[in-house]
Amino acid sequence: MDVIQPSLFDESRPYIKGKLKYEIFHNTDNLYTVSKIKIVEATEDIDDKEMTVVGYYPSLLEGELYTFWGQVKEHPRFGRQYQVDYFRKELPQGREGVIQYLSSDLFPGIGEKTATRIVDTLGEKAITLILENPDVLQQVPRLSEEQRQLMYRRLLEYQGLEQIMVKLGEYGIGLSLSIQIYQTYAERAMQVLEDNPYQLIEDIEGIGFKRADAIARAMGIRYDAPERIRAACHYFLWEQAEQNGHVYYPLELVIPGVQKWLNKQGEMESGEQEIDQGRIEQQLLELAEEGKLILEDDRLYLPSLFFAEKGFAKKVKQLVKRRVELPVSHDQFLRALGELEDRLGIQYAESQKQAIEQALHSSLMILTGGPGTGKTTVIKGIVELFAAIYDLPLDPNVYAQREEPFPFLLVAPTGRAAKRMEESTGLPAFTIHRLLGWKGGQEFDYSEDRPLEGKLLIVDETSMMDQWLANQLFRALPDDIHVILVGDQDQLPSVGPGQVLRDLLDSGQIPVVELKDVFRQAQDSSIISLAHQIKNGRLQEDITQPKPDRRFFPCSSDQVVDVVSRVCQSALNKGYTPKDIQVLAPMYRGKAGIDALNEALQQTFNPPAEHKRELKVKDHIFRVGDKVLQLVNNLEQHVFNGDIGEVTAILLAQETKEQEDQLVVAFEHKEVRYKKSELHQLTLAYCCSIHKSQGSEYPIVVVPVVKSYQRMLRRNLLYTAITRGKEYLILCGEKDAFDAAIDREEAAIRYTHLKETLQEWLAGNHS
DNA sequence: GGCTTAGA
């Protein structure tokens, strides 16, 4: 068996070997599994007798021996456990072990006598020998053909990985992919593959139609096999949704698109014919009939997106149809608003007052407006007045004491935007996922079966909410809730399919308040005028010309890191603090990517010094004084995705009671310690993604725009980035790239039917 | 290729 690459299971890596006692938890969707293991052998730092083993692996066989590679983790609730990277099943050891194994229930029809005979004939290495060449079983006396076959088949199944790897190798599947396949299907891997190799597309990330097709063809699947055509249809739609944001795709465009995929030149074997459009259409219609795709008129949907669009529209209709009786008169409202203004020491503009009043009157309303028009201020006003009018305290502690749910639900699609909302309202705000209690896969705690409790829901940065998530949120809403959607359709669209905010606005069926007056920047700000030009897709000036509040530094991709660093240095020299300056880029990877920029900017903002401690993690360094961003929610420590803090101390292993290097970060209201093993939760925050920045604003923003960002460059990306700047905007990069970004409009071609559905269901006035 | 993300 020297076919197996030994590098896969590097014996020098920490491992534990043990027998499965029982399974504690197993999620069939994503294979998140928790099991109890009786340890037989382990690397030196582990002397436990038993261990809880956690990770993504299939259900294992009780009583069988496995080796797990990974590391020990401390779970705040469940204590010490082993986090698995990968695992393999061990062959039974010793004469007795092998006999016991072969005579177990796993091999029906093989009893102890037969098992003993096998081991007597083939020796202790019987299993390996059989797996290498099943013909050796013929040497064993009185073993029927049937028993021999069963033996070999079962062994293949149970001793999975090695064998599967060899087989997969024959189909041109490499090592890392083989592991993924094995981790997903375990012993069933070969079975799944033989039944339908295209199943890999759905189950394994990183396998698309092309890879699965190559495997399928290597396995001898015919060029015109129905499953090949069906897989192409399904995956074509999926890709349109995933990559281009389409909720449906027109049937007449699906057919030629799929045909192109199927008829790749040079891949046809002799005697095989091109697949014509008729055959594709036939398979599409069959898929639609079986409910695997949905065809409405000439619109072809993936079922999940069809139901998301319709379900969302239905709930919107319900909300819009509901009448709201405000318990106070217009005069009483104005009085309450006046009191609020006094209390906050602010003065609402007329348009803002109207927005607040309209919001209180609506069961569903959209609040929209460009950057700096005061949407945030209005959100605060809506919450405060809603509380005043319905006599609801705004202090979460009051509800906690009464064991009642907090009636104000504030959410946003990104952690950073939720954080901003929390800061501006002084109330708890969450990501949509967190509010809904995400459970992994496509499951949430809350749905129509268990609705959220609340009186007022405000969604900020709604433009980034995709169709599927919008439906998940809306289906979980109680009937009597007020919903305010806040957003700017010219900013970033959702990563996922759909253009929910735009469709809602365009439908004309939902009350909208648009804020137009700009308060943030001075009216004559050249940032705002540039933003308008970008929004309209026409640049009317030479952007390379300096303005009092704006500069453009030409440079290439290779120079971006250098130029950005120098720009930041000169801002620092002028007296701005690191907090005032934010660099924004669209993507992480590459020479001009966020990661590279952060690394360089660390030198500028927080250079090494003798007294400053550093902690090296993998290939980057954290240093005392660094500005850092929390990337995931950490409920135990009460820090959340989007929180920004500063490294205040680094403790060496010998100084801590856990004997592990630690990093201390000061967030706004608390200090958090990170063990070295937890540092993946943090990243440097000198430069952050434009997506994350939506909703935030900074005195100075520095935005590199170069051709290497091409994939991401879009009009609304640029618009979002530059409108983050309050006082000063620095662009650097290639003018061509800048122009190209403006020319590339995103949402023009997202196929969605939400607008029309709403118009049909609501305008027709049939209730 | 940008976003979200807990589980016994």
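Values below: all heavy atoms of this structure, side chains included; hydrogens, waters and symmetry mates excluded.
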TODO: For H433(A) and dG7(B), give me the distance from atom NE2 to atom C1', rounded to whole Å.
DONE: 15 Å
Task: Near-ring test F209(A)/F236(A), centroid separation under 6.0 angstrom - done: no
- [ ] Nearest-nucleotide wise, let me know which of T431(A) and Q243(A) is further upstream toward the 5' end of DNA chain B.
- [x] Q243(A)
Open item on the list: In whole Å, I'd like the distance from the CG atom of L631(A) to the C1' atom of dA6(B).
Closed with: 17 Å
Open item on the list: Output the rounded distance in Å from CG (N716(A)) to P (dG2(B)).
Closed with: 16 Å
TODO: Please work out if E461(A) contacts a base, only the sugar-phosphate, or nothing of the nucleic acid, heavy-atom cut-off 4.0 Å.
DONE: nothing
TODO: Check whether the side chains of S304(A) and Q442(A) place a donor and an acceptor atom closer than 3.5 Å, and report yes or no.
DONE: no
Open item on the list: If you compare every side-chain N and O of Y22(A) against the phosphate oxygens of dA8(B) (OP1, OP2), does one of them come in below 4.0 Å?
Closed with: no
Open item on the list: Is it the case that over 12 heavy atoms from other parts of the model lie below 6.0 angstrom from the NZ atom of K670(A)?
Closed with: yes
- [ ] Tell whether E443(A) reaches the base of dA6(B) with its side chain through a donor-acceptor pair below 3.5 angstrom.
- [x] no
Task: Any K692(A) side-chain nitrogen or oxygen under 4.0 Å from OP1 or OP2 of dG2(B) - done: no
Open item on the list: Enumerate the side-chain hydrogen bond (donor to acceptor under 3.5 Å, both in side chains) contacts for residues 590-599 of chain A, please, sequence neighbours excluded, ordered by first and then second residue.
Closed with: D558(A)-K591(A)
TODO: Return the value, rounded to whole Å, for the distance between atom CZ of F78(A) and atom C1' of dG7(B).
DONE: 8 Å
TODO: Select from D466(A) and N634(A) the residue whose nearest nucleotide in DNA chain B is closer to the 5' end of that strand.
DONE: D466(A)
Task: Spacing between N633(A) atom CG and dT4(B) atom P, to the nearest angstrom - done: 9 Å
Open item on the list: How about CD on Q710(A), more than 12 heavy atoms from neighbouring residues, nucleotides or ligands closer than 6.0 Å, or not?
Closed with: no
Task: Among dG2(B), dT5(B), dA8(B), the nucleotide that comes nearest once only the side chain of Q81(A) is considered - done: dA8(B)
- [ ] Would you indicate which nucleotide in dG2(B), dG7(B), dA8(B) comes nearest to any side-chain atom of H691(A)?
- [x] dG2(B)
Open item on the list: Whether S689(A) contacts dC3(B) is assessed here as follows: a side-chain N or O lying under 4.0 Å from the phosphate OP1 or OP2. Is that the case?
Closed with: yes
Open item on the list: Nearest to the R711(A) side chain among dG1(B), dT4(B), dG7(B), which nucleotide is it?
Closed with: dG1(B)
Task: Listed nucleotide nearest any side-chain atom of R714(A), set dA8(B), dT4(B), dG1(B) - done: dG1(B)
TODO: Starting at atom NZ of K73(A), determine the distance to atom C1' of dG7(B), rounded to an integer number of angstrom.
DONE: 15 Å
Open item on the list: Nearest whole Å is fine: how far is dG2(B) P from R416(A) CZ?
Closed with: 19 Å
Open item on the list: Taking 5.5 Å and 30° as the limits, would you call Y32(A) and the base of dG7(B) a stacked pair?
Closed with: yes
Task: Nucleotide dC3(B), atom C1' - distance to CD of E242(A) in whole Å - done: 11 Å
TODO: Quickly, which of L473(A), I484(A), L364(A), L485(A) forms a side-chain contact (heavy atoms from CB on, under 4.5 Å) with L457(A)? Name it, please.
DONE: L473(A)
Open item on the list: Looking at Y709(A) and dG1(B), is any side-chain donor or acceptor paired with a base atom of the opposite kind under 3.5 Å?
Closed with: no
TODO: Identify which nucleotide among dG7(B), dA8(B), dC3(B) has an atom closest to any side-chain atom of Y56(A), counting heavy atoms from C-beta outward.
DONE: dG7(B)
- [ ] Looking at every strand, decide which applies to G496(A) at a 4.0 Å heavy-atom threshold: base, sugar-phosphate, or nothing.
- [x] nothing
Task: Candidate nucleotides dG1(B), dC3(B), dA6(B), ranked by approach to the side chain of T414(A) - the nearest - done: dC3(B)
